[in-house]
Structures are given as structure tokens and as C-alpha cells.
Q: 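Got a structure here, written out as C-alpha cells. Questions coming.
Counting begins at 1 with the first residue of the sequence. When reading the values below, keep in mind they use all heavy atoms of this one structure, side chains included, and skip hydrogens, waters and symmetry mates. Counting convention: from 1, in listed order, for ligands and their atoms alike.
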Amino acid sequence: MAGGDDLKLIGAWPSPFVTRVKLALSFNGLSFENVEEDISNKSELLLSSNPVHKKVPVLLHKGKPICESVVIVQYIDEAFAGTGPSLLSSDPHERAVARFWAAYIDDKLVASWMQSFRGKTEEEKSEGTKQMFAAVETLEGALRECSKGEEYFGGESVGLVDVSLGSLLSWLKATEVMSGAKIFDPVKTPLLAAWVERFGELDGAKTALPDVDRVVEFAKMRQAQAAAAAAASEN
Ligand code: GTX
């Protein structure tokens, strides 16, 4: 397997951004050393590799760090071109469109989804939920446009947008379990609902995506910690 000793991933298993990098490595058939980071007690390796944001993921290739998940995914695609199907089209316009939607996923979907459970008030949370559903509906249109009748945002095979959105699936499914609301509704967003099923069946996705039940447990533990911290600050 290519990669091997040359690739080290500084990550944390619950992070959807780390999953993003694992997906790209997996789809490219690249092996890597996984370095599990304790986010509450950051290692010297993380701090020196990502001194600006001090966040995971960081990919070290031959010792050189690359930061920011979407940047790392594109780096893998370029540095290991030919080891797997390319995640970006050879057409500059299609590449630009894919980068646009990858940014949309982080700026609109991830941001509103986080607001839906981290909002300070109930209004903020419900506004987050509303915006999250609006972003999902917009992505239904993006899938229709980008796939051109094929199976993925990337067309016949997965691309940057599939990896960007696919990395969130365990968390979005965990949110469905916890809230009871269907995020990828087969009636409102039939293409996306089918895409979710198809994406989850890919070997690369099965390898890289964290188990939904484990994410639910983790999320409940974090909720309990946040509630305890809020109660302590009131006293
Ligand atoms: N924009 C970055 C990327 O795409 O790589 C974002 C990376 C990031 O936020 N990493 C977090 C981190 O290292 C871990 S993932 C947090 C998201 C949790 C969502 C589910 C509740 N954080 C360390 C820190 O902020 O100090």
C-alpha cells in the first residue's frame, strides 16, 4: 500500500474534519500512521505542526505539515495522483464549482448544524436548525447539477464535494438519532437521501467513518459536560 511511513495523520476520532482526510486517504488506497490527539491537552507535535490554528487534522507528509481538511484532501489528490480515482475534475470550471460547494458545506451546513446544538438560547438553536435544513435543500440542487445524472457530486466517482459532505455523515446520522428529525428526508431531498445510502456502502467510507452509536455516546457525554459546566457557572 502506498503512503506507509511517509504519512502521519494527527487527528481525533470524533472530528468530522479528520474523517474527511481519512476518507481521501482511504479512497486513494493510502496507508498512514494515525496519531490520536488529546484536544484538551495538545501535543507539542500538534502545536508545532499547526501553530496558527492549533487544530486537527494535520497531515505530515515526509515530515512536512499540511493543515485544514479541505486543503489536505486536495493535497492528497495532487501529491498521490494516479494512486486512486482523482477527486477533482481535470476541467478548471468543474474544479472551481466543486471548491465552491466544499466551502458552502463548511460555511453554511457545518456552521448552522453546530449552532443547532451549541446555540446560547433556544431561539439561536432553532434558527440553526432552520438554516441547516435550508442548506441541505440547497445541496440537493447542487447534487442534481454536479452529478449530471451520475451517482456522485463528482460524477461517476466520488470527488471533493462527496468527501466534504460524506465526512459529516456519522455526525448527521447521530443528530438524527438524538433529535428524531430526518435530516436527509427521502421526500424533500430524494437525491441526497439516495446518495447517503450509496456513499455509506463504499469500502472507503466504511473504513473511514466513525461508528454512529459511538458518536451518539460521545455527543451525549459532551452534552452532559456542557450542562454540568453551565450549572456550575450559575452557582
Ligand atoms: N477548518 C478546520 C478544518 O477543516 O480542518 C476545522 C478543524 C477543527 O475545527 N478541528 C477541531 C479542533 O482541533 C476538532 S473537530 C471539532 C468539531 C466538532 C464537531 C462536532 C461537535 N479543535 C481544537 C480547538 O479548537 O482547540
Q: How are the rings of Y104 and F100 set to each other: parallel, tilted or perpendicular (split at 30° and 60°)?
A: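 Y104 and F100: parallel rings.
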Q: Which N or O atoms of ligand 1 sit under 3.5 Å from a protein N or O, and how far apart is each pair?
A:
from: ligand 1; atom 1: 1 (N); to: E68; atom 2: OE1; distance (Å): 2.8
from: ligand 1; atom 1: 4 (O); to: S69; atom 2: N; distance (Å): 3.4
from: ligand 1; atom 1: 4 (O); to: S69; atom 2: OG; distance (Å): 2.6
from: ligand 1; atom 1: 5 (O); to: S69; atom 2: N; distance (Å): 2.9
from: ligand 1; atom 1: 10 (N); to: V56; atom 2: O; distance (Å): 2.8
from: ligand 1; atom 1: 13 (O); to: V56; atom 2: N; distance (Å): 2.9
from: ligand 1; atom 1: 26 (O); to: K42; atom 2: NZ; distance (Å): 2.5

Q: If you measure from CD1 on I105 to CG on L165, what distance do you get to the nearest 0.5 Å?
A: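 Answer for the CD1-CG pair, I105 versus L165, is 4.5 Å.
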Q: Run the side chain to side chain donor-acceptor pair (under 3.5 Å) check on E37 and S43 step by step: do they pass?
A: CA-CA 7 Å; E37 184 72 24; S43 69; 2.9 Å; yes
Q: Sub-3.5 Å donor-acceptor pair from the side chain of N28 to the main-chain atoms of D77, do we have one?
A: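 It does not hold such a pair.
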Q: Under the 3.5 angstrom rule, does the side chain of N50 hit a backbone N or O of K55 as a donor-acceptor pair?
A: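 Yes; at least one donor-acceptor contact below 3.5 Å.
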Q: Describe, in one word, how the ring planes of F80 and H61 are oriented to each other, choosing from parallel (under 30°), tilted (30 to 60°) and perpendicular (over 60°).
A: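 If you compare the ring of F80 with that of H61, the planes turn out tilted.
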